[in-house]
Amino acid sequence: MDFSALNNEDRVYIEKVMEKKQMQDFLQLYSKLSIRCFSDCVNDFSTRTITDKESACTTLCVEKFIKMSQRMSQRFAEQHMINQQ
Amino acid sequence: MDFSALNNEDRVYIEKVMEKKQMQDFLQLYSKLSIRCFSDCVNDFSTRTITDKESACTTLCVEKFIKMSQRMSQRFAEQHMINQQ
Amino acid sequence: MDFSALNNEDRVYIEKVMEKKQMQDFLQLYSKLSIRCFSDCVNDFSTRTITDKESACTTLCVEKFIKMSQRMSQRFAEQHMINQQ
Amino acid sequence: MSQNALMAEQEMEAMTLLFNGMVDTCYKKCIPGHYREGDLTKGEAVCLDRCAAKYIDLSEKIGRQMTEIQNTLAASQMPSQ
Amino acid sequence: MSQNALMAEQEMEAMTLLFNGMVDTCYKKCIPGHYREGDLTKGEAVCLDRCAAKYIDLSEKIGRQMTEIQNTLAASQMPSQ
Amino acid sequence: MSQNALMAEQEMEAMTLLFNGMVDTCYKKCIPGHYREGDLTKGEAVCLDRCAAKYIDLSEKIGRQMTEIQNTLAASQMPSQ
């Protein structure tokens, strides 16, 4: 996105919007990961503590999701550049 | 959440945010309940009026969901207190 | 919705809110259609290009969804009028 | 902003949520996911019309029930006069 | 806020929605829900790359189709000159 | 708005997302979709209590893991002194 066209006041506004969005994106990713990995990994409600198996599954689930979204960010940047030319 | 650290102007801002959030939460709960209970209870599209069976099912569905979210609010408050210590 | 009760300043505020909402609704519909039609129509990941079958399916999927939401807008307006009387 | 403007904004939010909930739910109930044609079939159109009517009625019924539950809750927390 | 700032904000919103839609959809299409390892397998990586390319292309095609439908709609409501 | 007010607002947003995630997930895990009675059965209540405790613990574990990953990422992009 090319913000050169924006004057100073707009630029400050956009920077604040982006800062808030970054925080918002982190919270949304955190919420999505908790919902997805809990649903996929936790099924034993005979106890109120997380079992080792559930904990291990969650660690892999979080790692896999973050690696996936990093890879998709790269593809998104490349693909989007091609289509913009 | 401890708001004592906030000065007057911030406190007014936060109170307005909380008031808007409360209205937002009620609308979101209302929308979620309509979607969930309609999906679970209504399957007869041979007529355009709600059948008695569908209406009864919905009443129970709403009651069950609200009792569930009340119970979860208590657990959330207790559990969150423990983890904060 | 009857906005006659609003003074000038409120009316300007509401018009700005509605303008932003219209843009928001278009973006949400665009995102929902992309997710739904891609999920329903695209299943061949042995290639990185859209097949003719997938492309045709998507065209019908978009058309069907838009015709459906136009029809529902009419029903919504009629039904809502009846209930308001 | 005056109270009126906020009320109007919330009324719009409530209408949007109701409309979106109706569209998403009736789409799942009435439109199968294999697209042979772009137009709505007779059966799909009839199903959508009935689903819309039922969704709006049921949603209003749920609204009344939620308000009742909230009132009984508020009353039970009221200091007994 | 000037028109430019609002346009930039909406451009960002559109990009976020496109990216999130792509990530959620391709995750469901390419990653099975049993996690034996944290790294992406060869098959998962290849599937994700192709899915990303196809999602972005299809999304642009849908965007063009939606704009066409809106234009024909707007034209049909135009008072005939 | 001061930094404190923004922090308080984000803290509230985080709590709402955590609570909503817990409620939606535990509802699916503990409440079957056929409603014979409005009250929670014994089994449903016990399941919900355990699910709430597990969800909050797991969510905090995920939070720590995400922060770790972000720190290693940030460190790796740091210009080597």
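When reading the values below, keep in mind they use all heavy atoms of this one structure, side chains included, and skip hydrogens, waters and symmetry mates. Letters A, B, ... are given to chains in the order of the sequence lines, protein chains preceding strands, and every chain is numbered from 1.
- Between E:Met66 and C:Leu33, some side-chain heavy-atom pair lies under the 4.5 Å cut-off.
- Residues of residues 45-52 of chain E that come closer than 4.5 Å to chain C, counting heavy atoms only, are E:Cys47, E:Asp49, E:Arg50, E:Cys51, ordered by residue number.
- Looking only at side-chain heavy atoms (C-beta outward), E:Tyr55 and C:Ile50 stay at 4.5 Å or farther from each other.
- The distance from atom CG of E:Leu17 to atom CD of C:Gln24, rounded to the nearest 0.5 Å, is 7.5 Å.
- For E:Lys61 and C:Thr59, the side-chain atoms include at least one donor-acceptor pair closer than 3.5 Å.
- Between atom CG of residue E:Leu18 and atom OG of residue C:Ser31 there is a gap of 8.0 Å, rounded to the nearest 0.5 Å.
- Taking CG of E:Asp57 as the start and CZ of C:Arg48 as the end, the distance is 8.5 Å to the nearest 0.5 Å.
- Contact of the C:Gln70 side chain with the E:Leu73 side chain is registered, since non-hydrogen atoms from C-beta on lie closer than 4.5 Å.
- Among residues at least two apart or in separate chains, there is no side-chain hydrogen bond (donor to acceptor under 3.5 Å, both in side chains) pair with a member in residues 63-75 of chain E.
- E:Ala14 and C:Leu27 get closest at one heavy-atom pair: CB-CD2, 3.9 Å.
- E:Glu13 places none of its side-chain heavy atoms less than 4.5 Å from the side chain of C:Met23.
- Considering only heavy atoms from C-beta on, C:Val42 comes within 4.5 Å of E:Leu58 through its side chain.
- When all heavy atoms of C:Cys37 and E:Ile62 are compared, the closest pair comes out as CB-CD1, 4.3 Å.
- By the 4.5 Å heavy-atom criterion applied to side chains, C:Lys20 and E:Glu9 are counted as neighbours.
- Of the possible polar contacts, one joining the C:Tyr30 side chain to the E:Ser59 backbone as a donor-acceptor pair under 3.5 Å is found.
- Of all non-hydrogen atoms in C:Thr49 and E:Lys54, the two that sit nearest each other are O-NZ, 3.2 Å.
- Taking OG from C:Ser39 and CG from E:Asp24, the interatomic distance works out to 9.5 Å, rounded to the nearest 0.5 Å.
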